[in-house]
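Input: a single structure, listed below in structure tokens.
As the structure lists them, so they are numbered: ligands from 1, and atoms in each ligand from 1.
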Amino acid sequence: MRITPSILNADLSRLSDEIARIPSSDMVHLDVMDGHFVPNLTFGIAVVESVRSSTSLELDAHLMIEDPDLWAPRYAEHVDSVTFHVEAARNPKQILQEIRERGSRAAFALKPGTSIESCADLVPLADMVLIMTVEPGFGGQGFMHEMMSKVRRTRELIGDDKNIALQVDGGISIDTIAQAAEAGADTFVAGSAVFKAADPNDMVRLLREKALTKSGRL
Ligand code: DX5
Ligand code: ZN
């Protein structure tokens, strides 16, 4: 069970201090938005590079951008895992391969309206599959319970292959993480739940504990 806090709702003017508050995170989730693929704009490769130099934690870049065919391999040079959206990709198989060639783990993400069946052939080629549990673009939205059937179906496709992680992102909190874990997720992005907590690192621990209990693996 991996907890990957999103810094989207952290204080972006003091990013390295904010990341220092979550030392027990499994990865730090960086939401890259371009104002085109999603109606919000965050930061790009320059900020990702400086985050790289300010922490030894693993970095998980979630690219909500157009033209991942061009950009995803470039991010792969700076982070440990790169996730691109299939909806924006021209050649997703090639992107997965190019990300790996640049030394990063490779993942693809699905918006709520995209079925896993439409990209089932990509699953065995990826290190992680991300099922969005909100419409990408903003932190602090409500968890979409109706995505759990997609998480279940994705878990069926992955089986118990430990080399392919199943991540959920959006609205994950102490109240919703159990459902996602029960459906088969093993990697959880949590933005506002972590950074709005009085003790973010303790919230990371609590979320992991809750996920482990509900998955029956504790
Ligand atoms: C949404 C982003 C998420 C978001 C999660 O587009 O991809 O990573 O920051 O934030 P919460 O946990 O607040 O929904
Ligand atoms: Zn994200």
Side-chain angles (χ1 to χ4, degrees), residues 1-12 15 18-19 21-22 25-44 47-48 51 57-66 68 71-72 75 79-88 104-114 126-148 150-151 165-181 185-198 200-201 203-204 206-208 210-211:
M1 291 292 154
R2 286 173 289 268
I3 308 296
T4 60
S6 159
I7 48 99
L8 187 59
N9 279 1
D11 181 347
L12 295 176
L15 212 40
E18 292 286 72
I19 293 172
R21 297 171 78 200
I22 48 166
S25 306
D26 296 285
M27 296 191 280
V28 178
H29 184 84
L30 303 173
D31 287 304
V32 176
M33 304 187 189
D34 66 356
H36 294 280
F37 181 71
V38 288
N40 193 8
L41 182 66
T42 56
F43 46 80
V47 170
V48 170
V51 171
L57 288 169
E58 286 207 349
L59 300 180
D60 172 31
H62 176 194
L63 307 182
M64 287 159 276
I65 60 173
E66 287 180 355
W71 286 103
Y75 281 87
V79 299
D80 302 280
S81 177
V82 176
T83 303
F84 65 90
H85 272 268
V86 286
E87 301 85 359
S104 168
R105 297 193 296 276
F108 65 92
L110 276 63
K111 288 165 78 167
T114 306
D127 297 297
M128 184 167 78
V129 181
L130 166 54
I131 304 297
M132 291 303 299
T133 42
V134 296
E135 281 299 339
F138 300 92
Q141 304 182 75
F143 179 76
M144 297 172 74
H145 301 267
E146 63 273 30
M147 289 301 117
M148 292 307 96
K150 199 199 286 190
V151 173
L166 176 45
Q167 187 178 48
V168 284
D169 181 5
I172 297 294
S173 71
I174 210 74
D175 299 322
T176 57
I177 194 166
Q179 270 188 64
D186 56 22
T187 306
F188 306 85
V189 179
S192 26
V194 168
F195 281 101
K196 291 211 166 102
N201 202 47
M203 181 54 73
V204 170
L206 287 170
L207 287 166
R208 192 182 288 116
K210 189 111 188 183

Handout entry: Metal-centred angle, OD2 of D169 through the Zn ion (ligand 2) to ND1 of H62, rounded to 10 degrees
Key = 90°

Exercise for the section: Compute the shortest N/O to N/O distance between G140 and ligand 1 and return yes if it is under 3.5 Å, no if not. Expected result: yes

Exercise for the section: Can you sort out which atoms of ligand 1 are near M33, meaning under 4.0 Å from one of its heavy atoms? Expected result: 6 (O)

Fill in the blank from the handout: for atom 2 (C) of ligand 1, nearest protein heavy atom and its distance come out as D31 OD1, 3.4 Å

Problem - Polar proximity ligand 1 side, E135 side, N/O cut 3.5 Å exclusive - result: no

Problem - Ion pair check, D186 and R2, cut-off under 4.0 Å - result: yes

Handout entry: Sub-3.5 Å N/O-N/O distance, G139 and ligand 1
Key = no

Problem - S192 N/O to ligand 1 N/O under 3.5 Å - result: yes

Practice task
Return a yes/no value for D169: is any of its N or O atoms, backbone included, closer than 3.5 angstrom to an N or O of ligand 1?
Solution key: yes

Handout entry: Min side-chain heavy-atom separation D31-D169 under 4.5 Å
Key = yes

Problem - Given E87, H36, H85, the one that forms side-chain contact (heavy atoms from CB on, under 4.5 Å) with M64 - result: H85

Fill in the blank from the handout: atom 6 (O) of ligand 1: of G137, A193, S6, A109, the nearest heavy atom sits on G137

Problem - Protein heavy atom at shortest distance from atom 1 (C) of ligand 1 - result: F138 O, 3.6 Å

Handout entry: A190 and ligand 1 - part of the residue with a heavy-atom distance under 4.0 Å
Key = backbone

Handout entry: G191 N/O under 3.5 Å from ligand 1 N/O
Key = yes

Exercise for the section: Return the residue, atom name and 0.1 Å-rounded distance of the protein heavy atom closest to atom 14 (O) of ligand 1. Expected result: G171 N, 2.8 Å

